[in-house]
Amino acid sequence: MKVEMEDIDDSTICDSVSSLVEGCRLPVHMKGTHDWPLAEIISIKDMQGSKYYYVHYVDFNKRLDEWVTEESLDTRKVHFPRKDTCTGTGVSTPKKLLIGSGNNGTISRPSSPILNNAELVNGNAVLAAALQKRMNRKRKGPSLESEDSQDGVVPPAGPRQSGSMVSHHDDVVTRMKNIEMIELGMHRIKPWYFAPYPQEMVHLPCIYICEFCLKYRKNRKCLERHLVKCNLRHPPGNEIYRKDTISFFEIDGRKNKVYAQNLCLLAKLFLDHKTLYYDTDPFLFYVMTVFDHRGFHIVGYFSKEKESTEDYNVACILTLPPFQRKGYGKLLIEFSYELSKFEGKTGSPEKPLSDLGLLSYRSYWAQTILEILLSIKPVGENEKPQITINEICELTSIKKEDVISTLQNLNLINYYKGQYIITLSKEIIQAHYKQENRKTRIDSKCLHWTPKDWGKRAKW
């Protein structure tokens, strides 16, 4: 009997976990759930006589990657890496988010233990590779290639960009979380992704970060000594907005370079494909804070290019995990468009957006555009309200492509008798009013800011 090669399943029953190598794909029990999704082994290490496997769940976001023991591996169906491909290949774009099923009930295998120590990653090697890459770029001249981005934060692009901290041949290293925990103010946060902190920091159980200047220290005593000397109680730069307890500070990437670099380093812990750059000069950073008796505490930030040929009003945007799901993300987005209104421009975030970033922006765009549509009045008694796409753009400062895509996603645009008509159904209107109204909104009267013409300046 002749059997075609393409009819043979490339999966294999694995006799022993000792035959598993980096690049293998197999079902793995996901911690905190009853699920066994397909996962790829990124790295293997021995610790205290036991083997641990760092796995990436295929089609899930990398923030769910984790170390597991062999008890969490299902070796009945293993896909070994092909010989003609290298191990540790790139991660596919996340298509879905995990909804945990909780810890109720029983599972067929014991759950994986929590590791106390993070994997040692040589951040200095990444740094050295980045410096070499920067030197090579200077010799070759400006690169026109653009970098991919996720998590709603796009790496800075343009002819003035400097070398990236993340090098291509360090792909396997940078795919693994290397920081176990950080302490920022009153919060202890478990990072989501790799960040190139110095090697002497990554093996520590916790990194202590000053919430005002963002400098990092190896233990609490060092942080306490630093806080005695640190005279900052708010981000450096100008406070351009304040209402109630919410403030925004504008930080120039050239004037406050160390702060800007530390901010990017902190943000990298929660941003997947954000690329870290040494050259922060071409960027402005807008840090949102909440105020109490101890000072102004960072909640999130976004950055933007001083000069953007594509009219991007956001390069990178992040709400820190302790402040997520509280409306701060939409407040950051709203503030970015308020700046665009002051500039008299329409703006858009750099693409592509991540899963969370796309959800946040689509929600903001939909709510903002629907508010405009529901507020317009008909010109005559028997006439229907009329508005053009360009008028929506002028009122909201949202770029035309984003307005059109939002209307299409909401199925509001219909073609009727040779023209496009926006139709608001009762379901759309009811869904809009059922949404929780944001209590905190940006008040343009509280924004004290004058746009600068960076093109006329010989130096930033």
By side-chain contact (heavy atoms from CB on, under 4.5 Å), which residues pair with H187, not counting sequence neighbours?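 Result, side-chain contact (heavy atoms from CB on, under 4.5 Å) vs H187: I189, P322, F323.
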
Close side-chain approach of W365 and V403, heavy atoms under 4.5 Å: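 Side-chain contact under 4.5 Å: no.
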
Can you find a heavy atom in the side chain of P321 that is under 4.5 Å from one in the side chain of W192?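 Yes. Closest side-chain heavy atoms under 4.5 Å.
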
Closest contact, heavy atoms only, [X] versus [Y]:
X    : Y    : value
I442 : Y241 : CA-OH, 3.6 Å
E71  : T69  : OE1-OG1, 2.8 Å
I179 : I207 : CD1-CD1, 3.6 Å

Can you check whether Y337 and Y364 have ring centres sitting under 6.0 Å from each other?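 Yes - the distance between ring centres of Y337 and Y364 falls below the 6.0 Å cut-off.
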
List the steps, then state whether salt bridge (Lys or Arg N to Asp or Glu O under 4.0 Å) holds for E22 with R175. CA-CA 13 Å; E22 295 175 1; R175 287 178 66 186; over 6 Å; no

How are the rings of F283 and F285 set relative to one another: parallel (under 30°), tilted (30 to 60°) or perpendicular (over 60°)?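 Correct class here is tilted.
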
Between Y197 and Y216, what is the ring plane arrangement, given parallel below 30°, perpendicular above 60°, and tilted in between?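 Aromatic pair Y197/Y216 classed perpendicular.
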
Do NZ/NE/NH1/NH2 and the carboxylate oxygens of E371 and R441 come within less than 4.0 Å?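 A salt bridge is present here (some side-chain N lies under 4.0 Å from a carboxylate O).
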
What do you reckon, is NZ of K218 surrounded by more than 12 foreign heavy atoms closer than 6.0 Å?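 It does not: K218 NZ has 12 such atoms or fewer within range.
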
Could you give all pairs that pass the side chain to side chain donor-acceptor pair (under 3.5 Å) test and reach residues 283-295, with sequence neighbours left out?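 Listed by first then second residue: E211-R294, E250-Y286, D292-H297.
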
Can any side-chain N or O of D35 pair as donor or acceptor with the backbone N or O of P37 at less than 3.5 Å?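 A pair under 3.5 Å: no.
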
N/O donor-acceptor pair under 3.5 Å between T33 side chain and M30 backbone: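 Checked: pair present.
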
Distance only, no hydrogens: is a donor on one side chain within 3.5 Å (strictly under) of an acceptor on the other, for T346 and K400?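 Side chains of T346 and K400: no pair found under 3.5 Å.
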
